[in-house]
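Accompanying notes for the structure given below.
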Amino acid sequence: MSQRKKVLLKVIILGDSGVGKTSLMNQYVNKKFSTSYKATIGADFLTKELLIDDRTVTLQLWDTAGQERFQSLGVAFYRGADCCVLVYDVTTPKSFDTLDSWRDEFLIQASPRDPESFPFVVLGNKTDVGEERRAVSAKKAGQWCQSNGKQMPYFETSAKDNLNVEQAFEVIARQALAQEESEDFGDGGFGGDVLDVNGMMERENSSCAC
Amino acid sequence: MSSSDGDDSTFSGTDSGPVLGSKPIEDGFSQLRVGDLANGSANDGDAAAAAAEGSGDGEGIAAEAGEVEDGGAARARAGETEIEEIGEARVMWRSNSEGEVEAQASPSSSGYAGERGSSSGGSGIGEEEDEIEEVRSDAVSDSQAAWMPGKRHVDEDDASISWRKRKKHFFILSHSGKPIYSRYGDEHKLAGFSATLQAIISFVENGGDRVKLVRAGKHQVVFLVKGPIYLVCISCTEEPYESLRGQLELIYGQMILILTKSVNRCFEKNPKFDMTPLLGGTDVVFSSLIHSFSWNPATFLHAYTCLPLAYATRQAAGAVLQDVADSGVLFAILMCKHKVVSLVGAQKASLHPDDMLLLANFVMSSESFRTSENFSPICLPRYNPMAFLYAYVHYLDVETYLMLLTTSSDAFYHLKDCRTRIETVLLKSNVLSEVQRSMLDGGMRVEDLPIDPLPRSGSLLPRLGQSRPLTDSQESLKEAYAGIGGPAGLWHFIYRSIYLDQYVASEFSPPFNTLRQQKRLYRAYQKMYASMHDKGIGAHKTQFRRDEHYVLLCWVTQDFELYAAFDPLADKASAIKTCNRVCQWVKDVENEIFLLGASPFSW
């Protein structure tokens with residue numbers, strides 16, 4: 001059998017500064033966690049290979065900076081994304097409230113072909129803090145995820161305790177893969193329409209004044 | 001010999017001359033522009049750079065063994081400097097591995113300056129030494145060995161020290177940052193690196209600008225944006241920017257040859273489009289093209305070369321190809337390796353030398369063409385980048401192949417018939433055996449450069465230099481240079497005819513015994529070509545440059561360009577005299593070394 005083509009998926013990670021985007025990626029890719037905070041400048045890039053149903057999938061992870069001053073980079077960075085991950089901090093209500101604008105901003109800048117079905121995954125991070133310090137309930141987050149037309153998968157994660165990280169990224173990969181496959185199918189691929197022999201002839205006829 | 005050109009403004013030929021006939025450079029040194037000829041005049045910097053390139057330790061060796069950078073501890077330090085510089089330029093794109101990621105970061109981490117931890121220095125040097133030994137042994141064993149096709153070092157990624165030390169990287173990626181091709185390493189493992197490249201390009205683009213070149217220490221990063229396709233070269237070979245950019249253009253052209261520019265539409269429809277499956281199995285085509293950047297002068301001269309053949313033989317081949325072209329074939333091309341035997345175009349269709357280079361590279365690097373007759377869609381990027389043509393390809397012997405190009409997708413059987421007819425005629429008229437003989441005999445040799453003017457009916461075949469007894473003056477000159485090279489210490493030359501879009505290069509002879517030396521000479525020619533065609537400082541007419549490796553003399557006229565390499569101790573005046581003789585010689589044998597008349601080129 002011919003081997004199935006390897007897939008490369010571009011995943012953009014968005015969310016306010018300090019919610020733990022970089023920590024989640026570092027935990028997922030490098031199995032490392034550091035309590036010291038370092039702001040991401042622009043964007044970081046990581047690669048992670050995983051198997052989804054015997055298919056080799058490479059995730060190209062774009063860990064973006066949360067600060068507003070970097071948002072002008074959007075168009076350049078979001079183009080051609082296969083999945084968008086929205087991250088908020090369960091101890092900071094504001095980081096949850098801004099999910100709307102992160103999502104909208106992404107859809108505007110990336111302008112995916114079908115915004116309704118574009119895959120988003122939502123992660124509520126820092127669940128290791130304990131219930132008493134929690135400011136955004138799981139229920140509230142779940143409602144937001146459902147209120148956005150298509151149901152967004154939601155995970156409560158802890159980059160520090162490596163809780164749900166692996167599971168979340170697997171779903172991210174599956175969502176992106178499903179999207180990729182449905183579009184591949186609709187595309188009709190590259191062949192066929194490019195055999196433009198008639199155009200060739202036209203060109204010859206019109207440019208033969210040499 | 002005309003003496004009317006004492007004027008210092010030009011050495012170019014006048015309209016009275018035949019195609020190759022430019023007036024000779026006058027013997028008298030005084031008649032040359034001293035400014036142009038003085039060693040290091042307009043090109044002081046270049047001369048110094050040339051010397052630096054020349055001394056580039058082990059570049060050639062490394063090249064044939066996969067272009068691994070040579071170097072011990074000193075180079076390791078240089079490497080660190082370079083990382084720091086990149087670090088500065090990278091303010092916006094911090095690599096993921098700051099302090100908390102340790103030196104043995106997982107191979108999946110990205111970032112050029114990834115492992116900068118204090119512990120990585122020591123282990124790095126250890127690995128480096130391994131690498132050097134590996135390179136050395138390769139270099140010794142294959143300094144003359146054939147180049148191996150296909151992609152090497154697939155196991156590497158941007159975290160590998162060996163990958164970082166490769167002297168010349170080429171990348172193709174999409175405008176969303178998805179990798180399409182990398183010369184070294186696995187594309188998917190380089191996804192993070194590829195994303196970084198896209199971020200740099202897109203960031204600059206966002207500011208309404210365009211990034212062309214980044215210098216970081218010894219490295220040049222050259223960018224070429226072709227719509228949704230981004231091409232990047234990272235090199236520390238000290239080749240001029242124009243040359244590297246030209247190489248990226250050729251790589252893009254090779255991609256277009258395989259897919260046409262219609263791939264752009266796929267990206268318009270779907271920015272996430274992944275092109276890699278479309279290019280499946282073509283690694284070998286790209287790696288062979290990249291390899292040719294270091295041995296095939298056609299890649300920077302934008303001209304093709306012919307197999308030397310008796311005029312009548314080439315005419316016979318051309319006649320049968322013309323018959324076929326009249327029956328609806330767009331181009332009929334007969335080639336032996338990268339040399340043209342004959343070619344014919346229908347009507348006034350013109351074939352660009354770059355298209356020929358890319359087509360020949362495609363055919364020669366794809367093993368499947370050798371085993372059977374083949375009908376394949378291909379696109380000639382300079383002819384029409386939007387559309388496929390169909391190429392019928394058939395090898396007539398191990399090295400000689402026929403290519404018939406048509407616009408009709410159902411022409412296979414017709415072209416097959418054409419090929420049978422052509423093959424019969426070529427066999428009957430002994431063209432194929434002549435071709436094989438010419439491959440064995442080789443082309444022009446500097447040793448055979450006639451000292452005395454030849455009778456007009458000069459011929460390369462059979463070689464006059466071999467059959468003719470040496471004259472006294474030849475004897476004395478040969479003695480003076482201890483049997484190396486031709487008269488006046490001439491070691492090698494390339495002559496490019498501007499009107500014909502063709503060049504002829506002399507065969508390599510001592511001291512260019514090894515691929516390493518040959519490659520160094522090509523790089524020197526390439527550099528000279530770039531400096532002669534530098535638009536910023538106007539076209540040069542002549543250039544004389546001396547370094548520890550050779551004297552290089554370049555002479556550009558309206559009709560031709562001559563690049564010649566001499567012994568580094570060669571006398572300037574006699575080198576100039578010798579160049580005049582070379583031009584005369586080329587002119588005397590032009591019937592045999594060039595494809596003349598019945599040319600399909602429209603100019």
Side-chain angles (χ1 to χ4, degrees), chain A residues 5-10 22 25-26 29-34 36 38 40-49 56 58-63 65 70 72-73 75-82 110-113 179-180 183-184 187 189-190 193-201 203-204 208 210, chain B residues 91-101 105-106 108-111 157 174-179 187-196 198-199 202-203 205-206 259-260 262-263 265-266 269-274 276-278 280 347-350 377 384 386-389 407-409 602:
Chain A
K5 75 176 188 191
K6 283 169 86 183
V7 194
L8 186 123
L9 301 168
K10 175 170 176 176
T22 303
M25 294 233 303
N26 248 333
V29 175
N30 297 317
K31 304 279 170 251
K32 294 250 168 358
F33 179 79
S34 161
S36 66
K38 281 198 198 106
T40 301
I41 313 285
D44 283 354
F45 308 99
L46 288 100
T47 324
K48 172 86 176 178
E49 209 168 82
T56 308
T58 306
L59 295 184
Q60 183 190 55
L61 302 164
W62 292 59
D63 173 21
F70 293 112
S72 66
L73 295 173
V75 188
F77 284 9
Y78 302 166
R79 179 169 51 212
D82 291 279
S111 53
R113 269 202 296 184
Q179 171 83 353
E180 160 103 8
E183 292 196 357
D184 263 11
D187 254 1
F190 167 77
D193 62 45
V194 296
L195 309 178
D196 191 8
V197 177
N198 291 331
M200 182 87 218
M201 292 303 196
R203 179 189 170 276
E204 269 166 40
C208 243
C210 38
Chain B
V91 188
M92 303 300 291
W93 298 280
R94 178 172 73 79
S95 100
N96 62 293
S97 47
E98 292 282 78
E100 68 267 25
V101 179
S106 88
S108 56
S109 77
S110 142
D157 61 36
S174 79
H175 64 171
S176 71
K178 294 193 176 180
E187 283 84 5
H188 275 214
K189 285 186 189 154
L190 292 168
F193 187 77
S194 183
T196 313
Q198 188 238 310
S202 296
F203 176 72
E205 245 175 19
N206 257 20
L259 293 177
T260 77
S262 309
V263 284
R265 270 188 272 150
C266 299
K269 275 194 275 179
N270 177 14
K272 314 193 296 199
F273 182 68
D274 182 5
T276 21
L278 283 184
Q347 301 143 14
K348 286 181 175 171
S350 71
N384 182 351
M386 295 311 296
F388 274 126
L389 294 173
T407 53
S408 159
S409 59
S602 51

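Per chain, numbering begins at 1; letters A, B, ... match sequence-line order.
Among A:Val7, A:Thr56, A:Leu9, the residue with the largest count of heavy-atom pairs under 4.5 Å with chain B is A:Val7.
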Run the side chain to side chain contact (heavy atoms under 4.5 Å, CB included) test on A:Lys10 and B:Lys178 for me, step by step, so that the C-alpha distance in whole Å, both residues' side-chain angles and the decisive distance to 0.1 Å come before the verdict. CA-CA 8 Å; A:Lys10 175 170 176 176; B:Lys178 294 193 176 180; 4.1 Å; yes

Decide side chain to side chain contact (heavy atoms under 4.5 Å, CB included) for B:Gln198 and A:Trp62; before the verdict, give the C-alpha distance in whole Å, the side-chain angles of both, and the deciding distance to 0.1 Å. CA-CA 11 Å; B:Gln198 188 238 310; A:Trp62 292 59; 2.9 Å; yes

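Atom CZ of A:Phe45 sits about 11.5 Å away from atom CZ of B:Phe193, to the nearest 0.5 Å. Here the straight-line distance linking atom OG of B:Ser194 with atom CG of A:Leu8 works out to 8.0 Å at 0.5 Å rounding. The line from CD of A:Gln60 to OG1 of B:Thr196 is 8.5 Å long, rounded to the nearest 0.5 Å.
Closest heavy-atom contact between A:Thr47 and B:Ala191: CG2-CB, 3.6 Å. The two residues B:Ser176 and A:Gly80 come nearest to each other via the heavy atoms CB-CA, 3.6 Å.
A side-chain donor-acceptor contact under 3.5 Å links A:Arg79 to the backbone of B:His175. At distances below 3.5 Å, not a single donor-acceptor pair connects side-chain atoms of A:Lys6 with backbone N or O atoms of B:His188.
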